[in-house]
Every structure is written in C-alpha cells, then in structure tokens.
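The structure appears right after this line, and notes come after that.
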Amino acid sequence: MKNSEIWIAFYTIIRREIRRFMRIWPQTLLPPAITMTLYFAIFGNLIGTRIGEMGGFSYMQYIVPGLIMMSVITNSYSNVASSFFSVKFQHSIQELLVSPTPNSVILLGYVLGGVARGLAVGFIVTILSLFFSDLPLQNLFLTIVVVTLTSIMFSLGGFVNALYARSFDDVSIIPTFVLTPLTYLGGVFYSIDLLPQFWQNVSLLNPILYMVNAFRFGILGVSDINVYWALIIVCLFIVVLYCFGLNRLNQGRGIRD
C-alpha cells in the first residue's frame with residue numbers, strides 16, 4: 001500500500017472506533033461519570049472528612065488522581081477488548097485482514113480508539129472532580145504523558161484479551177478477576193506507607209501502583225515510588241504488549257483458529 005492509503009486506512013479505523021463509542025455514549029461515557037461521582041461523594045466527602053489528611057493533602061484531593069486513573073484504565077481496556085472481539089465474533093475482521101492494510105495499522109487503529117475513549121472519560125471525570133476538590137496540578141506535561149502512556153498500555157492489553165477470548169464471558173474475566181483487584185490495590189485509596197513493610201514490598205509488584213503514583217505526582221507532587229521507574233515500567237509494558245499483540249495478529253492466532 002502507498003503511504004497515503006495506509007494513512008486513510010489508519011484514519012478510518014480510528015474514526016470508526018470513536019464514532020462507535022460516541023454513538024452509544026449513554027453506555028460508554030455516562031456510566032463511568034456517574035460511578036466516579038459516587039466515589040467522590042462517598043469516599044471523598046463522607047469518609048474523607050473522618051480520615052483527615054493523607055500525604056499532606058485532604059483525603060479527597062489524595063484519591064482524585066487515583067480515581068481519574070482508574071476510570072482511564074478501565075475504559076481504555078474495555079473499549080478495545082469489546083470492540084475487537086465483536087468484529088472477530090461477527091467474522092467481519094476477515095475482510096480487514098484480507099485487505100492490504102498492514103497488521104500494525106490495524107493494531108494501532110484499535111489501540112488509539114481505546115485511548116480516545118479512555119482520555120475522554122478521564123477528562124469528564126477530571127471536570128467532575130473539580131466540583132468536589134481543588135487540584136493544584138504541579139506538572140502538566142508529566143500528567144499528560146503518564147495518563148496517555150497508561151491508556152496506550154491498557155488498550156494494548158484489551159487487544160490481547162480480545163485475541164484470546166472465545167466468548168463474551170472471556171472478555172469480562174480479566175477485568176473482573178485481574179484488573180479490578182490490581183486497581184483497588186494500586187494505591188488509589190491509600191498510601192502504601194500505611195502498610196507493613198512486607199505488604200509494601202508486595203504492593204511494589206503491582207504495575208498499576210506505579211501509574212497511579214506517577215499520575216498523582218504530576219497533579220499533587222507526592223508519590224510513594226520513583227516516578228522515573230514508573231515511566232520505564234509503563235514503556236516496557238507497552239513495548240512487550242505491542243510486540244506480542246502484533247505477533248499474534250500476524251500469525252492469525254485467535255482469529256483464524
């Protein structure tokens with residue numbers, strides 16, 4: 001394919017993915033906004049007033065970055081997992097695979113569609129959070145880099161999940177039994193400094209901990225871990241997931257089986 005044709009195919013996939021979740025926005029954008037508002041009201045206002053400060057900030061301010069990141073992670077992952085599995089289940093992916101469109105373009109198109117939804121939900125949740133608490137925003141550049149890289153990583157994870165899934169139940173297994181526990185144990189609602197030393201060391205094995213803390217550092221300027229290590233870990237996961245997903249796509253495993 002010519003470069004111009006590749007860009008047309010790339011743009012078409014991204015546009016289709018964005019139009020897909022925008023067309024059903026009451027199912028894709030509204031629920032996370034309502035859920036996060038309940039988190040703000042219950043954990044921030046009701047429980048937070050009894051907890052007091054954490055990390056030198058009010059409890060509400062402390063958990064807001066984690067809740068924003070949680071919404072970005074969940075929606076980036078679920079968008080790609082559900083979208084790609086749907087076209088695989090309907091066998092319409094075959095038409096795309098037999099076209100001259102490079103597999104890397106197909107992969108990146110779906111991933112960036114997931115990033116668009118993840119960042120859109122993250123932006124909506126951020127706006128809602130301003131009604132409950134002030135966000136100082138210490139480092140805008142770092143904040144944008146962290147949330148974008150995290151969204152890319154979990155969009156790739158959703159793509160891999162869709163490749164392996166053989167039914168719609170398989171699509172929900174990873175988010176339910178892996179993603180949700182790791183998110184809740186990733187320092188969204190607490191600082192790992194409050195944990196015993198053994199559990200602090202265990203928490204360091206959770207990759208989401210690094211993303212949440214890096215994002216919190218960009219907004220509040222506080223973190224339980226080294227931010228540079230967080231960026232390295234996220235980039236490493238992105239490279240591994242991209243290479244793995246592209247390799248599976250090239251081999252046709254999970255699609256042509």
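Numbers for residues simply follow the sequence, beginning at 1.
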- Query: How far apart are the C-alpha atoms of Ser58 and Glu53, what are their side-chain angles, what is the distance that settles it, and do they pass the side chain to side chain donor-acceptor pair (under 3.5 Å) test?
  - Reply: CA-CA 4 Å; Ser58 68; Glu53 292 189 353; over 6 Å; no
Any idea which heavy atoms bring [X] and [Y] closest together, and the distance?
X: Gly186; Y: Asn213; value: O-ND2, 4.5 Å
X: Tyr190; Y: Leu185; value: OH-O, 3.2 Å
X: Arg216; Y: Pro65; value: CA-CB, 3.8 Å
X: Ile192; Y: Gln200; value: O-CG, 3.0 Å
X: Asn75; Y: Ser71; value: ND2-O, 2.7 Å
X: Val105; Y: Ile13; value: O-CD1, 4.1 Å

With respect to Val147, which candidate in Ile68, Val72, Ile152, Thr126 satisfies the side-chain contact (heavy atoms from CB on, under 4.5 Å) definition?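 When Ile68, Val72, Ile152, Thr126 are each tested with Val147, the side-chain contact (heavy atoms from CB on, under 4.5 Å) holds only for Val72.
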Could you walk me through whether Leu128 and Ile124 pass side-chain contact (heavy atoms from CB on, under 4.5 Å), step by step? CA-CA 6 Å; Leu128 291 173; Ile124 293 172; 4.2 Å; yes
Check whether any side-chain heavy atom of [X] sits under 4.5 Å from a side-chain heavy atom of [Y], and report yes or no.
X: Glu17; Y: Leu112; value: no
X: Val234; Y: Val146; value: no
X: Ile232; Y: Cys235; value: no
X: Thr101; Y: Ile6; value: no
X: Leu231; Y: Leu142; value: yes
X: Ile208; Y: Phe154; value: yes
X: Asn79; Y: Phe21; value: yes
X: Phe215; Y: Thr150; value: no

*Is it true that Tyr62 and Phe189 have ring centroids separated by less than 6.0 Å?*
no
Discussion item. For Phe84 together with Phe159, are the ring centres under 6.0 Å from each other?
Written reply: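 Between Phe84 and Phe159, which both carry aromatic rings, the centre distance is below 6.0 Å.
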From [X] atom [atom1] to [Y] atom [atom2], the distance as rounded to the nearest 0.5 Å:
X: Tyr210; Y: Ile225; atom1: OH; atom2: CD1; answer: 7.0 Å
X: Leu179; Y: Ile173; atom1: CG; atom2: CD1; answer: 13.5 Å
X: Leu67; Y: Thr35; atom1: CG; atom2: OG1; answer: 11.0 Å
X: Leu107; Y: Leu246; atom1: CG; atom2: CG; answer: 6.0 Å
X: Met69; Y: Ile63; atom1: CE; atom2: CD1; answer: 15.0 Å

Take the angle between the ring planes of Phe168 and Phe85 and call it parallel below 30°, perpendicular above 60°, tilted in between.
perpendicular
Inset, instruction - Evaluate the criterion side-chain contact (heavy atoms from CB on, under 4.5 Å) for residue pair Met211 and Met153; output intermediate values, then yes/no. - result: CA-CA 11 Å; Met211 304 166 203; Met153 172 183 159; 3.1 Å; yes
Hydrophobic cluster membership, with links at side-chain heavy-atom distances under 4.5 Å among I/L/V/M/F/W/Y: are [X] and [Y] in one?
X: Ile14; Y: Ile24; value: no
X: Val121; Y: Trp25; value: yes
X: Leu205; Y: Tyr184; value: no
X: Phe177; Y: Val171; value: no
X: Leu156; Y: Phe244; value: yes

field: Candidate pair Phe40 and Val64, rule side-chain contact (heavy atoms from CB on, under 4.5 Å), full reasoning
entry: CA-CA 8 Å; Phe40 293 145; Val64 163; 4.0 Å; yes
Does [Y] offer a backbone N or O that forms a donor-acceptor pair with the side chain of [X] under 3.5 Å?
X: Asn206; Y: Val202; answer: no
X: Ser76; Y: Ser155; answer: no
X: Ser172; Y: Asp169; answer: yes
X: Lys88; Y: Ser83; answer: no
X: Gln61; Y: Asp134; answer: yes

Which pairs with one or both residues in residues 218-245 pass side-chain hydrogen bond (donor to acceptor under 3.5 Å, both in side chains), sequence neighbours excluded?
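For residues 218-245: Ser191-Asp224.
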Worksheet item: Can a cation-pi geometry be assigned to Arg15 and Phe10, taking NZ or CZ under 6.0 Å from the six-membered ring centre and within 45° of the ring axis?
Response: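 Geometry flag: not set, cation outside 6.0 Å or 45°.
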Tell me yes or no: between the side chains of Asn161 and Tyr77, is some donor less than 3.5 Å from an acceptor?
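A pair is found: one side chain offers a donor N or O, the other an acceptor, under 3.5 Å apart.
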Looking only at side-chain N and O atoms, does Tyr110 offer a donor or acceptor that is under 3.5 Å from a partner on Arg16?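 There is such a pair (donor and acceptor under 3.5 Å, judged by atom type) between the side chains of Arg16 and Tyr110.
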| Is there a side-chain contact (heavy atoms from CB on, under 4.5 Å) between Leu29 and Met22 once you walk through the steps? | CA-CA 8 Å; Leu29 302 182; Met22 289 298 295; 3.8 Å; yes
